[in-house]
Structure formats: C-alpha cells, structure tokens
Amino acid sequence: MKLNEMKYILDESVSMLWRRKAANLISVIIMGLSLLILIVFLMVTLNITGFIDKTSKETRMYVYLNDGVSESDSRDIQLKLLSETGVEEVVFISREEAMEDFRETLGENNELLDALDFNPLPDSYRLKLKEGFVTSAIMKAISERVESWEGIEEVRFGKRWFEKGEKLVRNFFIIDIVLGLIVFLSVVFVISNTVRLTISNSRETIDILKLVGATNKYIEIPFMIEGAMQGVVSSLLAVGLLGVIHWFARGYIQDLVFIRLDAIALFVFLCALLGAVGSFAALRRFLKS
Amino acid sequence: MTQDSRIIAGVYHLSKEFGRHFSLKDVSLQVSNGEIVFLVGPSGAGKSTLLKMIYMDDLPASGQVVVGPYVSSNMKRKTIPDLRRKMGIIFQDFRLLEDRNVFENVALAMKVTGMRMGEIKSRMTEILTRVGLYHKRYEYPRTMSGGEQQRVAIARAVANRPSILLADEPTGNLDPVATKNILELLFKINAGGTAVLMATHDINLVRSFGQRIIYLEAGSIVRDSEKIFVGDIRDRIEKSSVSESAERLAGHEITGEDEE
Ligand SMILES: Nc1ncnc2c1ncn2[C@@H]1O[C@H](COP(=O)(O)OP(=O)(O)O)[C@@H](O)[C@H]1O
Ligand SMILES: [Mg+2]
C-alpha cells in the first residue's frame, strides 16, 4: 500500500467518524445500553458464584468424640480422619476451647454459663475438605463412615441446609446459563443490527466509492475503525454505568464485587473486535452484491 | 481476447437475462478512441443495463466486454477498481457525496488512486476551471443547481484523465439551458481526446449533432448509424417504437426554467 493511500484511508476514517457523529452517538448509546445489560448480568453472576465459592470454602465438618476417649485413641482418630479421601485439614478443638468459643458467641449473655459447674461440651475435630469435595453426597458418606468408628459420638455438617443450598446452586447455574445465553445473543443481535444499519445508511457513499475506483481496503478500513470505535466507546459507557449501579448497590450489599480490571480490559477489547469484525462482515456482504 | 488498439471499449455478442421480462440479446458495439457515441432508446430498452456491463458492475452471461486491457471474462473483483480509475462515469442523479464539498467530491477520485496531495491540488485547479466551478470549490452539492452538480460529477469523472466517459442520461434531471451546457461540456471533453458514450431516451437531443447514434430497443441494437445494414433496415426503424417516440417527441417544445 502506498503511504499516501494509507494516509487518505486514515483521514477518511477520522472524517467519517466526525461527519456521522450524531448517528454514531445514537449507535453507541444503543450498543452501550445493551452491553450494560450483559455486564450487569455478569456482575450478578460473579457475585453469586463468589458467594457460593466462599460458602463452600468455609464449610467445615465437626466430629464430636465420646466422653473419656483417651488421648492416644484421639490421636488415632485424627490420623484416620486425615487419611479419609477429600480431607484436607483436621484441627483438634478441646472441650475447653469449645467452651471459650461458645462464651464468645454468646457475648453479653455469657453469665448464663457461669451457672454451669461443669463443661457439657465434648472434644471435637474440625474437618476442612479439599476443593471439590464439599458436596452433600461426599460429606454424608464421610460422616456415615466416621460415625461407625469407636469413640465417635456424632458427625455434623448442617446436612439439611447444605442439601437445600446445593439444589439452589444447581438451579441457579441452569437459569444463569440459559439467561446468559439469551442476554448474550440479544446483545450480539442488537450490535450486529446497529452495525448493519450503519453500513446500509452508507449505501450511497459505498456505491460512489466503488464507482470512482476505491479498493475494498479503502472502503473497509474506515468502517472497521468506526466499528471498533463504537465498540470501545459503547463498552466504556456500559462499564461506567455499571460503576454507577455498583456504587448505589454498595449501599445495600457491602461486599458487592465489581468486575476485575483485566476482565474489563478484555471486555472493551472484545467489543472493539466485535465492532470491527461486525462492520467488516456487513460490508463484505454488501460489497459482494 | 484482444481488440484493435484504436477501440477503447467493445461489446461482443453480449447476452444476459435479467429476471423474466428483460434480456440483452447479442449486443455488439465498439467505441473508438476519441469518438463520441450516443446510445438512444426508449425507457426500459436496456441502456443503463448495457452501460453497467461496460463499467463491469455486472458481467455478461455470454459474450464479452473489453475496455482497454480489461476483459470481462477474466475480470477479477480486485481489478475492478483499476478499471474504474481508467473510465469516468456520470449519471442522471449526479451521485455526489452530500456531506462533502466540491473539492472533496472531486478529490475523492484522485485520493483513491493514492495520488499526492500536491498533484491533486494542481489538477483540481485545472479541472474545476475547465468545468467553470473553481469559484465554488468549497460549496456543498445541496447549495448548487442541478447543472452545477452535474459539472462537479463530470469533474470527478475526468479527474483521472480517463480514455472513456460513460454518461447515463446525464441531462435527465436538467432544464434546457443546463442540458445545453452539459452537452457542450461533454463535447469539450471529447475534443480533448476522451471517448464519450452517452445514453439518452431523447433522440431529439442528439440527432442534430450528426454524430454516431446506436439505437437500442428491448435489449437489442436495432441500428448503429455507422453500420450498413443488410436488408430493408429503414422499414424496421420506421416501425420501431424508437422512431415512434422520436416523432412524438419532435412535436414537443422543451419547456423548463432557466437555471442560475
Ligand atoms: N437485475 C434485474 N432484474 C430484473 N430486471 C431488470 C434488472 N435490471 C434491469 N431490469 C429491467 O431491465 C429493463 C431495462 O432497464 P434499463 O437498463 O434501466 O433501461 P433504460 O436505462 O434503457 O431505461 C427494465 O425493464 C428493468 O426493469
Ligand atoms: Mg436508464
């Protein structure tokens, strides 16, 4: 490509953006709002999965020992627990520590405990499971096995609550994926239509460019740059609006997570790419006819 | 296929169907370097379609079109811009970019070839002076009369010094004065050595020039005034609707408001 030609193509791109600033503004607003729906959806998903993840990481199983289990038997139990598949960590909690914790949990009302002249709590082991093993089925299997051992009083992990939670999570993911797909396809639909509209509004310009002998490159590059710019500006608009929504929502949900900066950069880049490729595809179909 | 180097554009046994009701049928014609030719026929005869085939916006189903070194049968999408830069094309509706001024409209044809700005500017002065619009170079099409807009279109068409100019009803939207101006300008351009092929439905407009006229009717060439026809061609012409419409038109005075 000649240097002059390259320069003219860039001139053309800039002047095209400028000449059609009103139409471009409308396109950018339409695209930005539809992208906003997509990233609001992403942020909600991100926060819910984050919450699920955190909850599953914080899940512990408690193995309560019978009264009067000897220290060496207790050690054996600890070792046996450690060798169970899926168990990552086994922490001993003496009945005294358990009492302290209990006292702390009660706070102000802990004088009630002073009335007790003995400690009713048993020694216990707190199990942390490896990632991927925090499911009700695995925990049920472990607890059944462990409960059959000598010296074990009972194993607890909030079974009922957990099963309900699991079902909820499963339903959430199905709904999330279906909804996500719908939102994504709608956004792609809106954007590609907006781009196609831009191109067909330029039908005359394109015809004239062809008539005077412009190469496809000369016609395509300005439109691709325009598409990319629309992608960048509309995605930044969407991110900005999401920021505003996030700021307001923080008033209700303190630890609401925002989309990570690198994910935003990727999002903006992908939107630019979508804009450029969308323009290119729309033009190609147009130039062939 | 090669053709005589004196021929700038040739159509050879071109046939093509367009939908159910229209086809170009075995059309052949040649335009020599520096020649001016009028393509005349009633509306719907296929003049625009035939010109399209010559600027290769469409390719023949059978037969060939040859323009300079470009042959329709081995034309590639990539070489179309090269062809377009070597011919000028104007239309009834001017086809100017409304959002650009005269300078920018004309410069476009040169910019797409990658010409240096210095060269573009010096040519611009020459071309715009030739069409008499140098003083209006920063005006926008919508502020200009039809005749002026067509002159801008002509300036753009000749900017790359084409060897042939195709004109499809260039005066179709113009009043008589502007029509006369544009025809004069086309002759001036032709006098400069550029071949001109102009389509019009209005035989009265061009019959007095004493130039070659090709008659097109229902997709066939019924008469080429330079060719000697075998058989009683006169009879055919007299019965044809071209002559009918010509007679009809001959009875009409052209009316219209003067421009400017
Ligand atoms: N792509 C096409 N498909 C079907 N019919 C067409 C097509 N292009 C042109 N025509 C028809 O061909 C005929 C000739 O059109 P045109 O070349 O514009 O005639 P003219 O320029 O002589 O008035 C018209 O009847 C028009 O409707
Ligand atoms: Mg026509």
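All values derive from a computational prediction rather than experimental measurement. To find a chain, count down the sequence lines: A is the first, B the second, and so on, and within it residues start at 1.
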Q: Go through M110(B), E98(B), R95(B), R100(B) and name the one with the most non-hydrogen pairs under 4.5 angstrom from chain A.
A: R100(B)
(Q) Do Y8(A) and I120(B) have side chains that approach each other closer than 4.5 Å (heavy atoms only, starting at C-beta)? (A) yes
Q) Using non-hydrogen atoms only, which part of L96(B) is less than 4.5 Å away from chain A: side chain, backbone, both, or neither? A) backbone
Q) Which bit of E104(B) comes within less than 4.5 Å of chain A, counting heavy atoms only: side chain, backbone, both or neither? A) side chain
(Q) Counting heavy-atom pairs under 4.5 Å with chain B, which one of E204(A), R20(A), K7(A), E12(A) comes out on top? (A) E12(A)
Q. If we only count heavy atoms from C-beta on, is the R84(B) to D57(B) side-chain gap below 4.5 Å?
A. yes
Q: Can you see which heavy atom on F94(B) is nearest to which on N173(B), and at what distance?
A: CZ-CB, 4.3 Å
**Q.** For V158(B) against I127(B), the heavy-atom pair lying closest together
**A.** CG2-CG2, 4.2 Å
(Q) Taking side chain as everything from C-beta outward and backbone as N, CA, C, O, which of these in L211(A) sits under 4.5 Å from a heavy atom of chain B? Side chain, backbone, both or neither. (A) both
Q.
Can you classify the ring geometry of F187(B) versus F38(B) as parallel (below 30°), tilted (30 to 60°) or perpendicular (above 60°)?
A. tilted
Q. If you count heavy-atom pairs under 4.5 Å with chain A, which of K78(B), K86(B), M117(B) comes out on top?
A. M117(B)
(Q) Under 4.5 Å from any heavy atom of chain A, what part of L97(B) do you find: side chain, backbone, both or neither? (A) both
Q: State the CD-CG distance between E169(B) and L39(B), to the nearest 0.5 angstrom.
A: 9.5 Å
